[in-house]
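Just so it is clear, the model here is predicted, and its values are computed rather than measured. We're numbering straight along the sequence, starting at 1.
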Amino acid sequence: MFSFNKIKTSIYEYFLRLSLQKKFIALYICIIMIPVITFTLIYTRQVDDSAIKDITNKNEYLLEIEKVHIENNIESMRRTAQMVVSDNEFIDFVKTRDETNVNDLLNFKMNAFSNVSRLQVNNPTIENIHLYTNNPYVNEMWPILFSEDRIKDKPWKQETIARNGMEFWWFEQQDYDILGRYPYRANAKISVLRELDYPKDEHLGIIEISMLQKNFFPKMFSAVDSVDSSIVVVDKNNNYIINPENSFLKNNQIDMKSLTKQFENKKKKGTFSFQYMNKETPILVGAIYLEGIDSYMLNIVSLQTIFAETESTRNLVLGGIIFLVLILSYLTYRIISYLLKEMYKLMNTMKEAESGDFGVKVDVDGYSEIGQLAYHFKSMLSKINRLIADAVNKNAVTKEAELRALKTQIDSHFLFNTLENIKMMAEIKGDYETSDAVTSLGSMMRYNLRWKNDFVLLQEELSHIKNYVDIMNLRLEGRLTLMIDVPDELMATEVLKMSLQPIVENAVKHGLAPVLYEKQGEIKLHAYRNETDIVIEITDNGIGMTAEDALNLNEKINSGLDAESNRGTGIGLVNVHERMQLLYGEEYGLEVQSKEGEYTKVAFHVPSFIAKEENLVVQALNR
């Protein structure tokens, strides 16, 4: 079983074995396809999110509008019930305990009874107004006044009485005829029920005001059948009231148990939305609380169509990208073959020279990089041939010394001559930014190669840091700002060579890199003198660290453990810390302070030693 590191090593070794031409093509494909595919995936995801957000807002707005209609219906039913209870003449007749004569009945029929009947006529959405009384002296008068015996088997009777005059809402899935003249009809209705007691705490009857659910929930029972959504109502007992004519729930095989579980986890007062997977179908549910009837109204929407359209678009775009990249890769392959033809000729010449034929002809000319490399190779062959001729008359020791000197000369002169050539080419083309970068790079390399002393002037170390920041700004498009606050009298302070640059490098790579495209990166270098030493502080405005991480980092630095896993690369903080303690003493070293999301500060002390003015020039030249 291969580990991830072994697989990664195998891929890396395979890549190294490829020809330069194939490496270019592989990098070309990766550089183009990875960002484009990533962008496409992110963009399509944003399209999905935007579409879902639009649907969510639309659904919640629809539910808010529907809630207004429902609240109007609730108020209408409550008002009707209250008007019945407030009709003193009607209530006095119902509570009478005496036999009524014909005149009283006619008077009640023409006045109080007619007034209550008109309540239903004036509000056509009201389906029924019923008053069920237990008064044996009151005769039934259809369609309003009935005996309470007719509802003795109704499940809502006892709970209505138990509420002591408080309203009780009841969902009835089938309409019924209280007189029993016709069987139940498929007309679902909702009723508000209220006990009538007079005198107080003496049960007199129950008032029922009912409305058909298709009138109470107009949007749910809309005649337009939607294949992608459905509105349902969930009462306080998690019973679902649905429109049986809406085919959405059946066609999408909505699992009501799963819906109930999701709804219970997300349920809250007000308006809200949530998503879940119903089998393999993504579902968006918008919900709103109906306080008047202590229920929730849900709008269930299938996201299958939206996701299918986005996936089709994504696949089409990715297919087009892959096809285009393949075409471009082939064209690039042919172009690179032409451009690298001279390089392959030079490689063949080098192979002949490697076999011992130093008189081989280098048939590559021009002013390109390959031409310059061929020129230097011809010069090298010429020098090697001269050295071989001279070595015939010298002993082995002299020959070895000359070859070693030649190698040193080639390494240094070739490097700096090449950099100077690149600089001149950039200036000729007017690319002064590249020219300045090459100048900074050359200064850094000379600074690193001329290591004759462990100590340098602080001014030299600061110049080295400035060159480093200039080169980094070429990569980072000027997003780094270096601020140096060092008094002139401290510029001649002797400090360890390469003691500041690793700290600045860590600040750039690990403190500022994650936030450079959100804000301007700042590195502040401040130096001042205290009672005994000179203090140097380097602060960045990067991501910072928690107090715990900063403490762990300081412990690793002080203990000599590898701190590279936290902040360091290259020479590393541990290396700088150990060099300071070795050359200055154990009381010296680095100290890290940080605050997460704000800054990281690395501070250290150096002995207050100022080089004499007459030695400054000599020291600078020696280094």
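The side-chain heavy atoms of Leu553 and Met545, taken from C-beta on, include a pair separated by under 4.5 Å. Using a 4.5 Å heavy-atom threshold, the side chains of Lys497 and Glu460 count as separate. Between Leu259 and Tyr276 the shortest side-chain heavy-atom distance falls below 4.5 Å. Contact of the Tyr584 side chain with the Leu496 side chain is registered, since non-hydrogen atoms from C-beta on lie closer than 4.5 Å. Using a 4.5 Å heavy-atom cutoff, the side chains of Ile283 and Gln304 are not in contact. Using a 4.5 Å heavy-atom threshold, the side chains of Tyr240 and Thr260 count as touching. At a threshold of 4.5 Å between non-hydrogen side-chain atoms, the residues Glu64 and Ile288 count as touching. Residues Tyr528 and Pro487 are not in side-chain contact: their nearest non-hydrogen atoms beyond the backbone lie 4.5 Å or more apart.
The pair Glu264-Lys267 counts as a salt bridge, with a side-chain nitrogen and a carboxylate oxygen less than 4.0 angstrom apart. Salt bridge Lys466/Asp470: absent, no basic N to carboxylate O contact under 4.0 Å.
By the neighbour-count criterion of 12 heavy atoms within 6.0 Å, atom CZ of Phe323 is sparsely surrounded, having that number or fewer from other residues, nucleotides or ligands. The environment of Asp488 atom CG is sparse: at most 12 non-hydrogen atoms of other residues, nucleotides or ligands sit within 6.0 angstrom. Around atom NZ of Lys519, more than 12 heavy atoms belonging to other residues, nucleotides or ligands sit under 6.0 Å away. Applying the 6.0 Å contact sphere to CD of Glu291 captures no more than 12 heavy atoms from other residues, nucleotides or ligands. Atom CD of Glu598 sits in a crowded spot, with more than 12 heavy atoms from other residues, nucleotides or ligands closer than 6.0 Å. The number of heavy atoms from other shown groups lying within 6.0 Å of NZ (Lys524) does not exceed 12.
Among all heavy-atom pairs drawn from Ser499 and Met580, the shortest one is CB-CE, 4.3 Å. Closest heavy-atom contact between Gly542 and Val515: CA-CG2, 4.1 Å. Nearest heavy-atom pair across Ile306 and Ile55 is CD1-CD1, 2.5 Å. The shortest non-hydrogen separation linking Asn541 to Glu522 is OD1-N, 2.8 Å. Nearest approach of Leu590 to Asn558, heavy atoms of both residues: O-OD1, 4.4 Å. Residue Ser229 comes nearest to Asn299 through the heavy atom pair CB-OD1, 4.1 Å, listed as atom of the first residue, atom of the second, then distance.
Side chain to side chain, Ser295 and Tyr289 fail the donor-acceptor criterion of an N or O pair below 3.5 Å. A side-chain N or O of Asp533 and one of Tyr588 form a donor-acceptor pair less than 3.5 Å apart. Using modelled atom types and a 3.5 Å distance limit, the side chains of Arg529 and Ser608 yield a donor-acceptor pair. No hydrogens or angles considered: nothing links the side chains of Thr56 and Asn59 as a donor-acceptor pair under 3.5 Å. Side-chain contact of Thr271 with Glu60: a donor-acceptor pair under 3.5 Å is absent, judged by distance alone. With hydrogens and angles left out, the side-chain atoms of Thr600 and Gln593 include no donor and acceptor closer than 3.5 Å.
Taking CG of Leu516 as the reference point, atom CE of Met472 lies at 8.5 Å (rounded to 0.5 Å). In this structure, Ile503 CD1 and Glu537 CD are separated by 11.5 Å, a value rounded to the nearest 0.5 Å. Interatomic distance, CG of Leu298 versus CD1 of Ile300, reported as 6.0 Å (0.5 Å rounding). To the nearest 0.5 Å, atom CG of residue Asn506 and atom CG of residue Asp540 are 9.5 Å apart. Distance CG/Leu457 to CE/Met491: 11.0 Å, rounded to 0.5 Å. One distance of note links CG of Leu303 with CG of Asn278; it measures 11.5 Å at 0.5 Å rounding.
Here the side chain of Ser312 pairs no donor or acceptor atom with the backbone of Ala308 at under 3.5 angstrom. Looking at Ser463, its side chain does come within 3.5 Å of a backbone N or O of Gln459 through a donor-acceptor pair. Judged by distance alone, the side chain of Thr493 and the main-chain N or O of Leu490 form a donor-acceptor pair under 3.5 Å. In this structure, the side chain of Ser50 does not engage the main chain of Gln46 through any donor-acceptor pair within 3.5 Å. With Asn252 contributing its side chain and Ile254 its backbone, the two residues share no donor-acceptor pair below 3.5 Å. In this structure, the side chain of His526 engages the main chain of Asp485 through a donor-acceptor pair within 3.5 Å. With hydrogens and angles disregarded, a donor-acceptor distance shorter than 3.5 Å links the side chain of Gln581 to the backbone of Glu586. Between the side chain of Asn473 and the backbone N or O of Arg479 there is at least one donor-acceptor pair closer than 3.5 Å. Checking side-chain atoms of Thr539 against main-chain N and O of Lys601 turns up no donor-acceptor pair under 3.5 Å. Formation of a donor-acceptor pair under 3.5 Å by the Asp294 side chain with backbone atoms of Lys236 is not found in this model.
Between Phe39 and Tyr43, the angle of the ring planes stays under 30°, which puts this pair in the parallel group of the 30/60° scheme.
The six-membered or imidazole ring of Tyr296 lies near that of Phe263, with a centre-to-centre distance under 6.0 Å.
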Open item on the list: Show, in sequence, the C-alpha distance, side-chain angles and deciding distance for Leu324 and Leu328, and conclude whether the side chain to side chain contact (heavy atoms under 4.5 Å, CB included) test is met.
Closed with: CA-CA 6 Å; Leu324 181 61; Leu328 293 177; 4.0 Å; yes
TODO: Assess whether side chain to side chain contact (heavy atoms under 4.5 Å, CB included) is satisfied between Leu62 and Lys58, documenting all intermediate values.
DONE: CA-CA 6 Å; Leu62 182 148; Lys58 180 180 178 180; 5.6 Å; no
TODO: Begin with the C-alpha distance, continue with both residues' side-chain angles, and end with the deciding distance and a verdict on salt bridge (Lys or Arg N to Asp or Glu O under 4.0 Å) for Lys53 and Asp49.
DONE: CA-CA 6 Å; Lys53 184 177 180 181; Asp49 293 342; over 6 Å; no
TODO: Mind running side chain to side chain contact (heavy atoms under 4.5 Å, CB included) on Leu500 and Leu458 for me, showing each step along the way?
DONE: CA-CA 9 Å; Leu500 301 182; Leu458 178 58; 3.8 Å; yes
- [ ] Test side chain to side chain donor-acceptor pair (under 3.5 Å) on Thr481 and Gln520 and set out the steps.
- [x] CA-CA 7 Å; Thr481 300; Gln520 183 72 13; 3.0 Å; yes
- [ ] Show your reasoning for whether side chain to side chain contact (heavy atoms under 4.5 Å, CB included) applies to Leu462 and Ile484.
- [x] CA-CA 8 Å; Leu462 293 178; Ile484 297 177; 4.0 Å; yes
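Put simply, the residue from Leu525, Val602, Val486 that forms a side chain to side chain contact (heavy atoms under 4.5 Å, CB included) with Ile536 is Leu525.
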